[in-house]
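What follows is a single structure, written as structure tokens, with notes after it.
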Number of protein chains: 2
Amino acid sequence: MTTATDPVVLVVEDEPQMRRFLRASLTSHGFRLVEAGTAKEALALATSGSPEVILLDLGLPDGDGIALTRSLREWSSVPIIVLSARGRESDKVEALDAGSDDYLTKPFGVNELLARMRAALRRASQPSGAPVIEIGALRIDLARREVTLGERELHLTPNEYRILALLARNPGKVLTHRQILKEVWGPTHVGETHYLRVYMAQLRRKIEADPARPELLITEPSVGYRMRDRG
Amino acid sequence: MTTATDPVVLVVEDEPQMRRFLRASLTSHGFRLVEAGTAKEALALATSGSPEVILLDLGLPDGDGIALTRSLREWSSVPIIVLSARGRESDKVEALDAGSDDYLTKPFGVNELLARMRAALRRASQPSGAPVIEIGALRIDLARREVTLGERELHLTPNEYRILALLARNPGKVLTHRQILKEVWGPTHVGETHYLRVYMAQLRRKIEADPARPELLITEPSVGYRMRDRG
DNA sequence: GCGCGATTTGACGCCGTCTTGAGGCGGAAG
DNA sequence: CTTCCGCCTCAAGACGGCGTCAAATCGCGC
């Protein structure tokens, strides 16, 4: 059973038997499959299918996998794991130096393949994309810890920033006083609702056009606060 | 023959014979070697030796390599290639899932090892991008370990350089005290925030026009520091 | 063993942030 | 109308993080 968040794997392989085997193994372990039987197909699908990892058989009907690896590497850094019947050391060296990330000699165990795929995915996802939240003119760059309102860069104190980031990460959702206090001041301060009032006032003075009529930081009386996400 | 720009490889292996073999093979192919015979040594050298890749034998006298892999992964993303006599699939899966990048079963060919090391290094160096970083008049040559300000070449102590390089590799991004301490002093010193204050002051005295009004090394109060990249 | 640079540790004052309290407003309930 | 409760505002003082300087210690090369 696959879901929308499962990683996509591009399988480049021409033997029907091997394809069936991979299809069965991978879909049952949380991957979505895109399949190509030729180098040409593979190149097209590497663009349109936007796979997170590629499994590549070296023996293809229309040209060898080494050349395919090189063309992929001209523009993409998606992990490539070569699956090949050729076990000679020189084959491995050639494939790896062409730009592939790993090399498995057939026959191989499914579990090893899956583990190597996990390793490749782990590496690739490391420089995780810059999380940036935008709400109207307000822009919060979580990686840089930077808040801008239109063109102007805002200076927020540590607590102000943590509250704002927390609310912005849950746009539209009401966060209770307790939740916010626990997250920002720690579980020992969940009773100090007064802190919140002071800080919400400071934040509003900094980010609202008219702090008396808040449009972004909405009070939910006797419940908590909420970041308006639209309209 | 090795030069200053050759990549450093940390070899973690207790058998003298295997060590001799690796030493001969690697130094003749453009690597500088740092060697450890125990897990404890390895952990220390992974910090102080700042290797670009680690070769790890699983059978160590003081604990297994899987545990070592996990502790390394708590703070470092340096590529780890496991070399092991154990060829069982479950061994490979365990090692890969613990955080290693590749797994080679002994005996293996030197050329395959070298190709896999090249592949690992290629991947690792990808995100860091250019080996030279320029920010205003400041210029940091990571390959040569050289820092110039305008025309003048600056002399930085080892720790000063590591801090500066770390911040410069993440321009604009806030690095927490913990992150910097972990990267420079190792995971056992994440509490020593005082070190940072002293070293930031020294760096500012060397690279800022007016150390009292820093324009490059920005303090993010009670969070960490950040290298200004624009403006 | 000596000398030098680098690192670690300690002391201190400044400044921004946080905490705290007092007071005001407005709506709902009595 | 009065009272109560939750919320907002303002400001003053306490607190803690930060920068700075300097002394003590470490560690390496000679």
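Lettering of chains follows the sequences in order, A, B, ..., and the numbering in each one begins at 1.
Under a 4.0 Å N-O distance rule, the pair A:R144/B:D229 qualifies as a salt bridge.
No side-chain donor-acceptor contact under 3.5 Å links B:R19 to the backbone of B:L22. Put simply, the side chain of A:E183 never gets that close to the backbone of A:Q179: no donor and acceptor are under 3.5 Å apart. No donor-acceptor pair closer than 3.5 Å links the side chain of B:E192 to the backbone N or O of B:H194. Under the 3.5 Å distance criterion, the side-chain polar atoms of B:E208 are matched with a main-chain donor or acceptor of B:E215.
With DNA chain C read from its 5' end, the first of the two nearest nucleotides for A:T157 and A:H194 is the one closest to A:T157. Mapping B:S222 and B:N159 onto DNA chain C by nearest heavy atom places B:N159 at the nucleotide closer to the 5' end. Mapped onto DNA chain D by nearest heavy atom, A:R205 and A:V223 fall at different nucleotides, with A:V223 at the one closer to the 5' end.
For the pair B:Y195 and C:dT9, the criterion of a side-chain N or O lying under 4.0 Å from OP1 or OP2 is met. Listed pair B:W185 / C:dT7 fails the phosphate criterion, with no side-chain N or O lying under 4.0 Å from OP1 or OP2. Of the side-chain N and O atoms in A:R197, none sit less than 4.0 angstrom from OP1 or OP2 of D:dT9. Residue A:Y199 places no side-chain N or O under 4.0 Å from the OP1 or OP2 atom of C:dT17. Side-chain N/O atoms of A:H155 include one lying less than 4.0 angstrom from OP1 or OP2 on C:dT17.
Among the protein residues, A:T193 comes within range of no part of the nucleic acid, since none of its heavy atoms lies under 4.0 Å from any strand. Within the nucleic acid shown, B:H177 comes within 4.0 Å of sugar-phosphate atoms alone, with no base atom in reach, counting heavy atoms only. Contact annotation for B:Y225: backbone-only contact, meaning every heavy-atom pair under 4.0 Å involves sugar-phosphate atoms and none involves a base.
Nearest to the side-chain atoms of B:A201 among the listed nucleotides C:dT20, D:dT20, C:dT17 stands D:dT20.
In this structure, the CG atom of B:L217 is 12 Å from the P atom of D:dT20, given to the nearest Å. Residue B:L154 contributes atom CG, which lies 17 Å from atom C1' of C:dG5 at whole-angstrom precision. Atom C1' of nucleotide D:dC10 and atom CG of A:L203 are separated by 17 Å, given to the nearest angstrom. As a whole-Å value, the separation of B:L196 CG from D:dC18 P is 9 Å. Across the protein-nucleic acid pair, B:H189 atom NE2 and C:dT8 atom P stand 6 Å apart, rounded to whole Å. Rounding to whole angstrom units, CD of residue A:E220 and C1' of D:dG6 are separated by 14 Å. If you measure from atom CZ of B:R162 to atom P of C:dA6, you get 15 Å, rounded to the nearest angstrom. Note: CZ (B:R204) to P (D:dC18) measures 10 Å, nearest angstrom.
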